[in-house]
Amino acid sequence: MNTKKIIILKHGGGELANQLWNYVSIWAYGLEVGAPVRNPSFYEYHYFFRFLKNESCVTNITSRLMFRRPRRRSNWINRNQRFKYAQRAWITEKFHPRCVFSSETNENKPTLLPPSHPLPPRYESCNRLYFKGWLFRNPAGLSKYGKELRTAFAPSDTVLKRVDEIIAPLRAKYEKIIGIHIRQGDYKTFKGGKYLISQERIREIVSEYAKENILDAAKTAFIIASDGPVDESLYKKLNVHVSKENAVTDLFLLSKCDAIIGSDSSFGAFAAWFGNIPHVICKQGPMDWAYYADKTEYFDNKLSELRHY
């Protein structure tokens, strides 16, 4: 009987999608070695998924206190809770230093897990293995256990119901549904605004995509998800639904589209992976439409400058 347990102690400070890429990669490792994965660090989002039944009483209580809506990490309630959790995690780390596996390195490169890469021998004997950091990745594991992972990481029934309420009428009316993800917020300052794409430019790319894929405007709907206000006047001639939902619902709403066009971010990439659909990354300069010509499913987008997945 396998008595090994895997615990994600610290996720590295990222928001929803960065945490999910980390979580799903470690979960794939757990499937590979037959060990359950627990993630007390995911308390800000647990309530919107189906993991809580397997978590500790403390994690259950903390997550239920956070469930009203997945606030941005800058919210004071989240900051206060993070401080309290950091104290508990610090104590755990001090008691189990030999079995804390960190992805935090000076190179800031992904740390691969089995079956993508062997585990460092020093951790093989740990019955409880604690993960620290946000850059654990497992491409081979995601490929091998894709079906199991998508089942495990499906959102709650409440989220699924809301997604279906939006998607079903559009599916009944239109042949194609294209997701548009516009990252604003922190992208205005991140790396000096290098990855912030104006809404006007994104609208141009949407038109280019429609032309490249010979989309009939009358038979196509667009779902726009953004962390900031959307200039709806840019889409007057298109069939558009602008989402007003929370981040978790937006993520799975995008995953139900036929393709996603949007910012270079882990959010759009994870939605594309979950839905097994293409993720077209918007660029300031010319788009490489030849690269996307044969893409009908999720793929590792080499045009992403931020790809850690």
Side-chain angles (χ1 to χ4, degrees), residues 1-70 78 81-82 84-93 95-96 99-103 113-115 119 123-124 126-134 136-138 141-142 144-163 246-249 251-252 255 270 273-274:
M1 180 178 178
N2 190 349
T3 59
K4 194 179 190 71
K5 291 184 178 180
I6 297 167
I7 299 168
I8 303 175
L9 191 62
K10 294 183 179 180
H11 56 64
E15 295 205 42
L16 175 62
N18 279 341
Q19 290 189 45
L20 283 172
W21 278 117
N22 206 52
Y23 199 169
V24 76
S25 297
I26 295 171
W27 192 285
Y29 164 61
L31 291 173
E32 181 72 5
V33 299
V37 177
R38 303 292 175 259
N39 189 358
S41 74
F42 198 63
Y43 61 85
E44 293 176 66
Y45 298 104
H46 262 311
Y47 207 81
F48 298 89
F49 292 82
R50 303 178 180 185
F51 306 113
L52 268 180
K53 63 182 182 295
N54 298 319
E55 294 288 341
S56 70
C57 289
V58 174
T59 303
N60 262 272
I61 292 170
T62 302
S63 296
R64 290 173 192 278
L65 290 173
M66 304 292 289
F67 91 96
R68 291 190 180 278
R69 64 186 179 90
N78 291 38
Q81 190 56 53
R82 283 203 304 278
K84 293 178 180 178
Y85 177 78
Q87 291 179 312
R88 298 201 303 271
W90 182 83
I91 292 171
T92 302
E93 191 174 353
F95 271 91
H96 305 278
C99 290
V100 176
F101 185 13
S102 177
S103 70
L113 298 172
L119 197 71
Y123 300 114
E124 293 287 358
C126 294
N127 285 330
R128 282 179 175 256
L129 181 56
Y130 298 90
F131 285 81
K132 174 183 176 182
W134 70 282
F136 290 104
R137 295 294 183 268
N138 200 343
L142 267 61
K144 182 176 180 179
Y145 298 108
K147 182 178 180 180
E148 294 92 330
L149 292 169
R150 289 180 176 89
T151 298
F153 281 79
S156 68
D157 289 342
T158 301
V159 173
L160 285 177
K161 180 183 177 184
R162 182 57 185 146
V163 169
N246 59 53
V248 178
T249 306
L251 184 80
F252 290 100
S255 77
F270 191 88
W273 172 78
F274 191 87

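One distance of note links CG of Leu52 with CD1 of Ile61; it measures 11.0 Å at 0.5 Å rounding. If you take CD1 on Ile26 and CG on Asn138, they are separated by 9.5 Å, rounding to the nearest 0.5 Å. In this structure, CD in Gln19 is found 12.0 Å from CH2 in Trp134, a value given to the nearest 0.5 Å. Taking OG from Ser56 and CD1 from Ile7, the interatomic distance works out to 9.0 Å, rounded to the nearest 0.5 Å. Taking CH2 of Trp90 as the start and CZ of Phe95 as the end, the distance is 9.0 Å to the nearest 0.5 Å. Here the CZ atom belonging to Phe274 is positioned 10.0 Å from the CG atom belonging to Leu149, to the nearest 0.5 angstrom.
Between Phe51 and Phe153, the angle of the ring planes goes over 60°, which puts this pair in the perpendicular group of the 30/60° scheme. Between Tyr43 and Tyr85, the ring-plane angle classifies as tilted under the 30° and 60° cut-offs.
Aromatic ring centres of Phe136 and Tyr23 lie farther apart than the 6.0 Å criterion allows. Ring pair Phe48/Tyr45: centre-to-centre distance not below 6.0 Å.
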Determine whether Lys10 and Ser41 satisfy the following criterion, side chain to side chain contact (heavy atoms under 4.5 Å, CB included), listing intermediate values before the conclusion. CA-CA 6 Å; Lys10 294 183 179 180; Ser41 74; 5.7 Å; no
Show your reasoning for whether side chain to side chain contact (heavy atoms under 4.5 Å, CB included) applies to Trp273 and Leu142. CA-CA 9 Å; Trp273 172 78; Leu142 267 61; 3.9 Å; yes
Would you check, one step at a time, whether the test side chain to side chain contact (heavy atoms under 4.5 Å, CB included) holds for Leu119 with Val33? CA-CA 11 Å; Leu119 197 71; Val33 299; over 6 Å; no
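Between Phe131 and Val37, the closest side-chain pair of non-hydrogen atoms is not below 4.5 Å. A heavy-atom distance below 4.5 Å is found between the side chains of Arg88 and Val58. Lys132 places none of its side-chain heavy atoms less than 4.5 Å from the side chain of Leu9. Taking 4.5 Å as the limit, every side-chain heavy atom of Ile6 sits out of range of all side-chain heavy atoms of Arg128.
Contact between Val248 and Asn246 at its shortest, heavy atoms only, is N-OD1, 3.1 Å. What you find for Glu55 and Pro40 is that their closest heavy atoms are OE1-N, 3.8 Å.
In terms of modelled atom types and a separation under 3.5 Å, the side chain of Ser255 and the main chain of Phe252 share a donor-acceptor contact. Looking only at distances, a side-chain donor or acceptor of His46 sits under 3.5 Å from a matching main-chain atom of Asn39. Checking side-chain atoms of Lys5 against main-chain N and O of Pro36 turns up no donor-acceptor pair under 3.5 Å.
Taking the salt bridge (charged side-chain N to carboxylate O under 4.0 Å, His left out) definition, one finds that Arg38 meets it with nothing, sequence neighbours left out. Annotation: side-chain contact (heavy atoms from CB on, under 4.5 Å) contacts of Ala17 (sequence neighbours excluded): Ser266, Phe267.
Side-chain atoms of Tyr145 and Glu32 form a donor-acceptor pair, as typed in the model, at a separation below 3.5 Å.
Note on residues 151-161: pairs passing side chain to side chain donor-acceptor pair (under 3.5 Å), not counting sequence neighbours, are Arg50-Asp157.
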